[in-house]
Amino acid sequence: MAGASVAELLKGLTAAQQEAVQHVDGPLLMLAGPGSGKTRVVTHRIAYLLHQGVSPRSILALTFTNKAANEMRLRLERLTGQSSVWMGTFHGFCARTLRRYANLVGLADNYSILDAGDSRKALKQAIVVAKVELTYCSPEAVATAISWAKSSLISPTDYKARPGNPIGAIVEEIYPHYQRSLLASNAVDFDDLLMYTAQLLRDNAELRQELDERYRYIMVDEYQDTNMAQYAIIRALSQHTPNLAVTGDPDQSIYGWRGADLSNILEFERDFPGVRVVRLEQNYRSTPNILQVADALISHNVNRKRKTLFTDHAAGRPVRLVVFPSSRDEADHIAASIFSEVQQGRRKFRDFAIFYRINALSRSLEFALRNLEIPYQIVHGLEFYQRKEVKDILAYLFLLHNPQHDVAFLRIINTPTRGIGKKSIQLLMHHAQRHGLSMLEAAREAGLIESLAKRSAVAISRFVAMYDALAVEPADELEDLINSILDGTGYTKTLEASDTEEDEQRLANIEELVTAAQEFDQQHPEENRLQRFLEQASLVNDVDGWDEEPDQVTLMTLHAAKGLEFPVIYIVAVEQGMIPHERSQEDPDQLEEERRLLFVGITRAEEELQLSLAQRRTFRGTERLVVPSAFLMELPRDEMETEQPLEPLDDPDWGEEDDFSDPIPDDAKYFQDEGMADIEQRPQPSAARDSTRLMTAADLLKQQGQGSASSHSPAAFQEGMLVRHPEYGSGLILKVTGSGVKRTATVQFAEVEKKFRLLHAPLEPIQADEEE
DNA sequence: ATTCGCAAAGTTTTT
DNA sequence: CTTTGCGAAT
């Protein structure tokens with residue numbers, strides 16, 4: 001076998017990593033902390049297996065994203081010079097398997113994969129057909145419930161609502177309709193890919209055995225995010241040859257809300273007897289400061305396996321926690337500091353990333369970045385394949401490949417407009433339903449539909465004729481096929497006729513699609529091009545196309561950040577209601593997931609990390625006062641740097657070099673404006689950066705008021721001590737009881753006597769020399 | 001068949 | 001403040 005020798009494969013790896021690489025037979029669990037070189041270990045292990053004479057075709061490497069799969073493939077190729085190991089996503093693997101055995105689950109092998117938008121449309125159709133009133137629940141909620149059911153391998157016939165659950169009752173009724181309509185369209189949604197594959201393996205013993213034998217070595221990445229369907233699939237393929245190697249980190253499970261089941265990884269050892277567990281805890285990414293903050297945070301989770309993260313990196317700069325007066329200041333300040341770092345030649349734009357909990361928060365950041373002409377890119381889930389014009393053309397391709405694809409039919413029957421209105425489509429649908437036909441078949445019978453206007457019937461027939469003309473077109477060159485569609489439908493002509501900027505952009509996008517098809521033609525010289533192209537269009541999304549190359553600041557949600565790393569990271573709006581999100585605050589499990597989400601964000605940082613919040617945030621048009629995230633209280637504040645910028649950056653000329661050395665404005669005035677005149681005054685640090693005054697954590701949290709905590713450890717308080725409370729003034733500690741989080745002080749103030757949990761109380765010891 | 005306007009709702013989203 | 005969807009108006 002070509003490629004590296006064993007010694008080369010093991011070179012530079014720690015003992016734990018070597019152990020994992022050299023593991024061949026039997027189940028293996030790699031608990032891999034953030035930045036622990038997991039991908040490296042996995043690729044080296046595959047290379048090792050190949051070296052030991054394992055056939056490439058008996059190895060199966062499953063990931064969650066195409067990006068991860070591509071990365072792995074690239075590295076393996078570099079290592080061994082070969083690429084015949086199948087690496088891909090769960091969904092890709094299932095799509096391929098299902099293609100071969102489609103008939104066993106009631107599909108034809110040219111079935112189509114609906115993306116989220118299309119399956120939503122199909123669902124809404126089903127709701128109409130089922131004649132269910134959705135007065136008090138959204139289609140969205142029904143979709144979530146069905147998705148959950150499918151991930152849990154509950155078929156439409158098995159689904160039973162819990163008594164007293166109104167949404168469940170609705171789902172129970174709609175789910176079978178929805179599923180029937182998908183089957184009638186010879187289509188599946190994302191969840192079906194997994195569910196059908198699991199079913200296939202469950203109900204066909206010989207097939208299961210055959211595939212089990214075939215895939216002797218299975219690897220699963222991000223195992224903490226697998227759901228029950230995925231579990232069932234890999235379990236079924238690991239009975240006779242249980243050489244299943246999974247990698248994951250329970251602390252990075254952030255997709256519980258999508259059905260990921262944390263117990264899969266937590267109970268792996270029980271599920272697969274004789275498992276070897278390897279812990280990869282050394283971190284090669286972040287500074288100790290960053291790791292310490294991450295570790296302090298995540299250790300507040302109860303439902304977790306203990307893990308110690310360590311690194312031999314040099315200390316680096318402390319993690320910063322910054323409180324800005326307003327969300328506008330937050331955005332402006334971050335943009336300004338990026339600008340300044342780049343201008344001073346210390347960093348490139350691409351070194352920076354800004355994370356936020358929800359997409360809606362990107363706007364103010366974009367605005368601030370644009371203001372300083374800082375190049376940036378936003379990582380969105382959607383984009384190219386979601387654009388209307390691209391989806392339109394794809395719909396033509398889908399319908400050509402699978403004539404039963406009703407969602408595609410409905411999309412294009414009047415696109416571009418050809419005089420077929422809502423009424424006519426309605427009639428077509430009725431006809432189709434009554435006679436059990438697909439929409440296209442119904443369209444062929446347009447002449448027979450009585451209530452259909454002559455003119456409409458003619459228009460529909462003309463559409464069918466055009467379709468048939470396209471269908472006889474040889475489909476081996478995608479590029480030609482797409483061009484025929486563009487010609488035959490007059491799609492381009494319609495756009496060229498208009499001269500709005502929007503339509504020009506659309507033309508450009510179509511051009512891009514043609515180019516993509518062209519490339520696809522070149523790279524895939526085999527049969528079934530159309531099918532493969534459509535499959536890729538369904539299963540590949542644009543995060544995969546995120547570009548590391550251009551020198552730009554990256555903006556994304558915390559979810560999108562998983563698996564990436566950047567030298568400098570800003571996490572904004574670390575506020576109660578954002579992280580943890582409002583809707584996650586009640587449920588302890590969801591709260592822990594929110595904590596993991598922040599953990600993931602923090603551990604993306606290599607050198608510098610700044611967490612920030614605003615005292616006032618403008619959100620959804622209104623400005624609101626902000627409560628700092630409860631998670632902030634869990635961080636080792638004494639070891640962090642806490643800052644309170646003083647100057648609102650509303651100067652339009654901001655960004656000129658001079659502004660960075662502006663004198664610090666008058667403290668007293670600022671605090672009066674903010675109603676904080678009584679704040680403890682500290683000597684001005686001589687080298688305050690960015691017009692920022694360093695403050696103690698206590699100062700900061702005192703200002704934040706509600707729900708805030710003392711920066712002093714509970715142990716610092718003793719009986720007889722004088723303390724100050726922001727609301728009650730100074731008082732005397734009469735008694736201290738309890739321990740740990742329950743440690744409580746009884747304090748006598750001028751008027752009243754109060755009890756405080758010391759961990760959370762905004763109490764501040766008064767030094768003898770500063771008594772008023 | 002399109003367009004306009006108003007009301008409603010607004011986490012996260014690997015595939 | 002947005003975006004999105006639906007219904008009425010042209």
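Quick note on labels: first sequence line is chain A, next is B, and so on, each numbered from 1. Computed from a prediction, not measured in an experiment: that's the story for all the values here.
For Arg99(A), the salt bridge (charged side-chain N to carboxylate O under 4.0 Å, His left out) test picks out Glu535(A), with sequence neighbours left out.
A donor and an acceptor atom never sit less than 3.5 Å apart when one is taken from the side chain of Arg583(A) and the other from the base of dT11(B).
Relative to the side chain of Phe190(A), the nucleotides dA1(B), dT15(B), dT12(B) differ in distance, and dT15(B) lies closest.
Atom CD of Glu586(A) and atom P of dT11(B) are 15 Å apart (whole Å). Residue Lys67(A) contributes atom NZ, which lies 16 Å from atom C1' of dT15(B) at whole-angstrom precision. The nearest whole Å value for the distance from the CH2 atom in Trp148(A) to the P atom in dT13(B) is 23 Å. In this structure, the CD atom of Glu366(A) is 17 Å from the P atom of dC1(C), given to the nearest Å. We find that CG of Leu361(A) is positioned 14 Å from P of dT2(C), with the value rounded to whole Å. The separation between Arg258(A) atom CZ and dT14(B) atom C1' is 7 Å, rounded to whole Å. The CZ atom of Arg120(A) sits 10 Å away from the C1' atom of dT13(B) (whole-angstrom rounding). To the nearest angstrom, C1' of dT11(B) lies 12 Å from CD of Gln585(A).
Looking at which nucleotide of DNA chain C each of Lys422(A) and Arg363(A) is closest to, the 5′-most match is held by Arg363(A). Each of Arg357(A) and Lys562(A) has a nearest nucleotide on DNA chain B; the 5'-most of these lies closest to Arg357(A).
By the 5.5 Å and 30° criteria, Tyr255(A) is not stacked with the base of dT13(B). A stacked arrangement is not assigned to His91(A) and the six-membered base ring of dT15(B), the conditions of a centre distance below 5.5 Å and an interplanar angle below 30° not being jointly met.
Contact check, Asn66(A) against dT15(B): a side-chain N or O comes under 4.0 Å of OP1 or OP2. Using a 4.0 Å cut-off, some side-chain N or O of Arg620(A) falls inside it from OP1 or OP2 of dT11(B). For Asn414(A) and dT2(B), the shortest distance from a side-chain N or O to OP1 or OP2 is below 4.0 Å. OP1 or OP2 of dT13(B) has at least one side-chain nitrogen or oxygen of Thr557(A) nearer than 4.0 Å. For dT14(B), neither phosphate oxygen OP1 nor OP2 lies less than 4.0 angstrom from any side-chain nitrogen or oxygen of Asn227(A).
Comparing the C1' positions of dT3(C) and dT14(B) gives a spacing of 25 Å, expressed to the nearest Å. Taking atom C1' on both nucleotides, dT12(B) is separated from dG5(C) by 23 Å, rounded to a whole Å.
Residues Tyr223(A) and Phe268(A) bring their aromatic ring centres within 6.0 Å. For Tyr255(A) and His559(A), the gap between ring centers is short of 6.0 Å.
Among the atoms of the strands shown, none is found under 4.0 Å from any heavy atom of Asp191(A). Counting any heavy atom pair closer than 4.0 Å across all strands shown, Leu62(A) reaches no nucleic acid atom.
For the residue pair Asn402(A) and Ser112(A), a side-chain donor N or O sits within less than 3.5 Å of a side-chain acceptor on the partner. Side-chain contact annotation: Ser362(A) with Glu366(A), donor-acceptor N/O pair under 3.5 Å present.
Of the possible donor and acceptor atoms, one in the side chain of Glu594(A) sits under 3.5 Å from a partner among the backbone N and O of His581(A).
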